[in-house]
Amino acid sequence: MWAKLGLTMQDQLLLTVRKIPRGKVATYGHVAAAAGHPGRARQVAWALRAGAGTGVPWHRVVGSGGLIKLRGESAMEQRFRLEMEGVRFHGKRIDMKTHECKFGRARRRKARSR
DNA sequence: TCCGTGACGCGAT
DNA sequence: CATCGCGCCACGG
């Protein structure tokens, strides 16, 4: 259906990321699943890079377990931004128990056409 | 078209 | 907790 709307998977993923409310975070895997692409966590990361600078709340996407998967300064910026929104860290990981964003039931894709 | 490269995830070691 | 291997996939060379 998204595809029918002329949206690429990248747009679908980015759109899902935009839904993450302030003070909440979602994992790459969950974003992919919520967008209807279970198992495409990698593409989420790719989409995020591609959509950088387009106003996407990229900092709200973290790795499973609430771990920041960026490196170097980007990682610090992400952590800083999250803390700014009130996200609490337990050492190196985020308290997913209270900050993980729950998406509505992901719509299923009929098939991974190719 | 084949191949290496990742902001990934998960189970096994 | 740190690594490795494997599955997954869009992209660029």
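Here is the naming used below: chain letters follow the sequence lines, and residue numbers restart at 1 for every chain. As the structure is a prediction and not an experimental result, all values here were calculated from the model.
A donor atom on one side chain and an acceptor atom on the other are not found under 3.5 Å apart for A/Gln43 and A/His37.
Comparing A/Arg42 and A/Trp46 by the nucleotide of DNA chain C that holds the closest heavy atom to each, the one mapping nearer the 5' end is A/Arg42. Of the residues near DNA chain C, A/Gly39 and A/Arg93, the one whose nearest nucleotide (by heavy atom distance) lies more toward the 5' end is A/Arg93.
Residues A/Leu82 and A/Gln78 are in side-chain contact: their nearest non-hydrogen atoms beyond the backbone lie under 4.5 Å apart. Taking the side chain as every heavy atom from C-beta outward, A/Val44 and A/Leu14 never approach each other to under 4.5 Å. Looking at A/Met9 and A/Leu13, their side chains come closer than 4.5 Å, going by heavy atoms from C-beta outward. Between A/Trp58 and A/Glu77 there is a side-chain heavy-atom pair separated by less than 4.5 Å.
Contact of A/Arg40 with C/dC9 (side chain to base): no donor-acceptor pair of N or O atoms is detected under 3.5 Å.
Nucleic acid contact for A/Gln10: sugar-phosphate only, since backbone atoms but no base atoms lie under 4.0 Å from a heavy atom of the residue.
Taking the 5' to 3' direction, DNA chain B first and last meets chain A under 4.0 angstrom from a heavy atom at B/dG6 to B/dC10.
Enclosure of atom CZ in A/Phe89 by more than 12 non-hydrogen atoms of other residues, nucleotides or ligands within 6.0 angstrom is indicated.
With sequence neighbours excluded, no residue satisfies salt bridge (charged side-chain N to carboxylate O under 4.0 Å, His left out) with A/Arg42.
Residues from residues 60-73 of chain A lying near DNA chain C, meaning a heavy-atom separation below 4.0 Å, are absent.
Between A/Glu85 and A/Arg81 there is no salt bridge, since no side-chain nitrogen of the basic residue lies less than 4.0 Å from a carboxylate oxygen of the acidic one.
Of the side-chain N and O atoms in A/Gln43, none sit less than 4.0 angstrom from OP1 or OP2 of C/dC11.
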